[in-house]
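Notes for the one structure printed next.
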Amino acid sequence: MGENKERVMAFTLEMFPHIYMAKFNGENWNETLIEKEHYSYEEEKAMAPEAREKLLLSRNNFDNLPLVNYTSQYGMGCFEGLKAFPQKNGGIKLFRPDENARRMNKSMAGLMMPAIDEEILLQGILKMVRLNADSGFAVKYDPAWEKDDYLSGGALYVRPFTYSEPGIGVNLSYFPWVIVVATPVGSYFEVGGTNNAVTTNMIRATKNGTGWIKCDANYVVPTLAKKKAIGAGFMEAIFLDSEDHRYIEEGSSCNFFCLLKDGTLVTPELGDTILPGITRKSILQLARDRGIKTEERKLALEEVFAEGRECFVTGTAAGLTPINSLTHEGKKKVFTEKGMGDVSEALLMELKGIQYGAVEDRYNWMWSI
Ligand SMILES: *Cc1c(COP(=O)(O)O)cnc(C)c1O
C-alpha cells in the first residue's frame with residue numbers, strides 16, 4: 001500500500017543534534033542543552049545511507065539515561081508534539097508552544113509526577129529549536145508549497161517527553177527527566193489521497209481513566225486499532241465511547257469533527273476520555289470567526305451517518321485531514337469521494353496559512369524563536 005508507506009516515511013526519525021534536557025532533583029529542574037555529533041545538515045543529507053543511519057543512531061543514544069525504569073517497563077510517561085514552521089517571510093515560528101507546555105505540565109501532574117513549570121519548558125523548547133537553526137538544522141521554506149496551499153509543506157516536529165529514574169518495582173516517577181528533541185516531517189497523509197475511516201470496537205479510553213492525559217500508555221490500543229484498520233484497507237480507526245459504543249470519540253491520535261447538513265460543526269465535548277487537542281481548539285476558533293455555528297457535545301454515529309456532510313480529524317501531525325468515508329459494521333457513509341469539502345478546505349487553508357505566515361496571525365498563535 002503506497003499510501004501507507006508514504007505516511008510512515010513522513011515520520012522517519014532524523015533527530016537534530018541539539019537536545020534539551022531537564023532533570024528534577026527533588027527540588028528544581030537542572031537544565032542542560034546537549035549537542036550531539038553532527039556535520040552540516042547538507043553534508044548529512046548527502047551521506048551514504050549506512051553512515052547516516054549510524055550517525056543518527058548515535059544521536060539517539062544517551063549514556064546517562066537508565067534502560068530499566070518506570071517508563072520503559074510500565075509506560076509511566078507522557079509527551080507532547082508541536083511544530084515549528086518555516087515562514088513565508090523568513091525565520092521559523094512555533095505554533096502555540098505555550099499551549100503544549102501547559103498541557104505537558106497537566107499531563108505530568110496527571111501521572112502524579114513532579115510537573116515541570118510551563119514557562120521553563122516553553123523556554124527550553126524555544127532554545128532547542130533556535131540552537132538547531134543557528135547551526136543550520138532547520139526545515140527550509142519552499143515556495144513550491146504555495147502551489148498546493150501548503151498541503152505538501154514540511155515542518156520541524158518537536159517532541160517533549162518524560163523519562164523516569166531507574167526502577168523495577170511498579171512505581172510513580174519522582175525524579176523524571178523532561179527531554180525535548182526535534183525531527184523534520186513532511187505532510188502526514190498523501191496529498192490528494194482518499195482517507196477512508198472505519199470504526200473500531202477497541203476501547204481507547206474509559207471514564208475515570210487517563211484518556212485526557214497525553215500519556216504513553218494511551219497509545220497502545222490506538223496503534224493496534226489503526227494497524228487493523230490499515231490491514232482492512234482503511235486509513236484511520238475511529239473510536240467510540242466505552243459505555244454505549246455509539247458516540248464518536250476520536251481518531252487514533254486525532255480529534256474528530258463533523259459538519260452537519262445544517263451547517264453546524266460538531267466535535268465531541270471534552271471530558272476525561274477526550275484529549276484536549278490544540279488543533280481542535282484552534283479550528284473551533286477559526287470556524288466561529290467565520291460565522292460557523294460550533295457545538296461541543298456528544299456526537300452519535302447515527303447522526304453522522306444521517307446528517308454528516310463533511311468529516312475531518314485534527315492534530316499536530318494530521319493538521320486537518322478530511323475523512324472521505326466512514327464505515328461501521330459494514331455500512332459505508334461517503335462524505336466526499338475525493339479531496340475535501342468546502343468548509344474543511346477553507347479551515348485547512350486558513351490554519352496552514354497562519355502556520356506558514358501567509359495569513360494574518362490575529363491571535364498571536366505563532367511564536368518566533
Ligand atoms: C495529541 C493528540 C491529539 C491532537 O492534539 P493536538 O494538540 O492537536 O496535536 C488528539 N488525540 C490524541 C489522543 C492525542 O494524543
Side-chain angles (χ1 to χ4, degrees), residues 10-11 75 77-85 94-108 110-111 118 121-122 125 155-162 180 182-183 185 187-189 197 200 202-206 209-226 229 236-242 247-258 267-287 296 299 311-321 323 344 347-348 350-352 354-355 363 365-367:
F11 258 101
C78 58
F79 66 96
E80 273 303 322
L82 64 157
K83 279 181 176 173
F85 296 87
L94 282 147
F95 181 70
R96 309 191 80 172
D98 51 330
E99 293 281 341
N100 292 92
R102 188 169 311 138
R103 190 170 62 190
M104 181 82 165
N105 172 279
K106 286 194 182 139
S107 293
M108 292 177 78
L111 295 181
E118 57 191 76
L121 177 57
L122 175 61
I125 291 169
L156 183 67
Y157 186 79
V158 177
R159 166 57 58 87
F161 63 99
T162 69
V180 189
T183 183
V185 282
S187 55
Y188 190 56
F189 287 93
T200 172
M202 295 184 84
I203 300 299
R204 190 193 84 88
T206 55
T210 58
W212 61 278
I213 305 175
K214 209 169 174 73
C215 62
D216 302 353
N218 285 351
Y219 272 73
V220 177
V221 168
T223 305
L224 298 173
K226 187 162 181 166
E236 180 62 296
I238 302 295
F239 285 93
L240 304 176
D241 74 286
S242 65
Y247 300 101
I248 292 184
E249 296 232 309
E250 291 204 48
S252 63
S253 59
C254 34
N255 295 110
F256 188 90
F257 283 82
C258 184
T267 190
E269 66 199 323
L270 296 181
D272 53 9
T273 62
I274 305 281
L275 200 287
I278 295 159
T279 319
R280 174 189 179 281
K281 184 173 169 176
S282 308
I283 287 294
L284 281 172
Q285 183 71 54
L286 296 180
E296 296 174 67
L299 178 60
C311 278
F312 58 83
V313 287
T314 65
T316 295
L320 183 159
T321 299
I323 296 294
S344 310
L347 291 168
L348 174 60
E350 188 169 11
L351 178 69
K352 292 261 173 200
I354 291 170
Q355 291 175 328
Y363 294 110
W365 284 343
M366 306 307 294
W367 287 57

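This structure is a prediction, so every number in the text was calculated from the model and none was measured. What's counted below: heavy atoms across the whole structure, side chains too, no hydrogens, waters or symmetry copies. In each ligand, atom 1 is the first atom listed, and ligand 1 is the first ligand listed.
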Review point. So, E250 and R204, do they make that salt bridge, N to O below 4.0 Å?
Key: yes

Check your understanding: For atom 15 (O) of ligand 1, what is the nearest protein heavy atom, given as residue, atom name and distance?
Key -> Y219 OH, 2.4 Å

**Study point:** R204 near ligand 1 by a heavy-atom separation under 4.0 Å
**Key:** yes

Exercise for review: Answer with side chain, backbone, both or neither: which part of L275 has a heavy atom less than 4.0 angstrom from an atom of ligand 1?
Suggested key: side chain

**Study point:** Nearest-contact summary for atom 5 (O) of ligand 1 - protein heavy atom, Å
**Key:** G277 CA, 3.4 Å

Practice item. Give a yes or no on whether the backbone of T206 and the side-chain of T273 come within a donor-acceptor separation of less than 3.5 Å. Key: no

Check your understanding: Pick one: which of Y157, Y219, F161 meets ring pair (Phe, Tyr, Trp, His ring centres under 6.0 Å) with F79?
Key -> Y219

Revision key, fill the gap. Numbered in order shown, the ligand 1 atoms found under 4.0 Å of a heavy atom of C254 are 10 (C), 11 (N)

Practice item. Determine yes or no for a side-chain-to-main-chain donor-acceptor pair under 3.5 angstrom, with R159 supplying the side chain and E80 the backbone. Key: yes

Check your understanding: Looking only at protein heavy atoms, which one is nearest to atom 9 (O) of ligand 1, and how far off is it?
Key -> T316 OG1, 2.6 Å

Check your understanding: Nearest to atom 11 (N) of ligand 1, what protein heavy atom do you find, and at what distance?
Key -> E250 OE1, 2.5 Å

Practice item. Quick one: look up the protein heavy atom nearest atom 3 (C) of ligand 1 and list residue, atom name and how far away it is. Key: S253 O, 3.5 Å

Practice item. Please work out whether any backbone atom (N, CA, C, O) or any side-chain heavy atom from C-beta onward of E99 is under 4.0 Å from ligand 1, and answer side chain, backbone, both or neither. Key: neither

**Study point:** Nitrogen or oxygen atoms of R103 and ligand 1 under 3.5 Å apart
**Key:** yes

Check your understanding: Quick check: does any side chain N or O of D98 sit under 3.5 Å from a backbone N or O of L122, one acting as donor and the other as acceptor?
Key -> no

Point to revise | atom 8 (O) of ligand 1 [closest protein heavy-atom partner, distance rounded to 0.1 Å] | key: T279 OG1, 2.6 Å

**Study point:** Short side-chain to backbone donor-acceptor contact, T162 and C78, under 3.5 Å
**Key:** yes

Review point. Can you name the nearest heavy-atom pair linking K214 to G81, along with the distance?
Key: CE-N, 4.3 Å

Review point. What protein heavy atom is closest to atom 4 (C) of ligand 1, reported as residue, atom name and distance in Å?
Key: G315 CA, 3.8 Å

Point to revise | Separation between NZ of K226 and OG1 of T223, rounded to the nearest 0.5 Å | key: 8.5 Å

Check your understanding: Considering only protein heavy atoms, which is closest to atom 2 (C) of ligand 1, and at what distance to one decimal place?
Key -> K214 NZ, 2.5 Å

Practice item. For the pair N218 (side chain) and I213 (backbone), establish whether a donor and an acceptor sit closer than 3.5 Å, ignoring hydrogens and angles. Key: yes

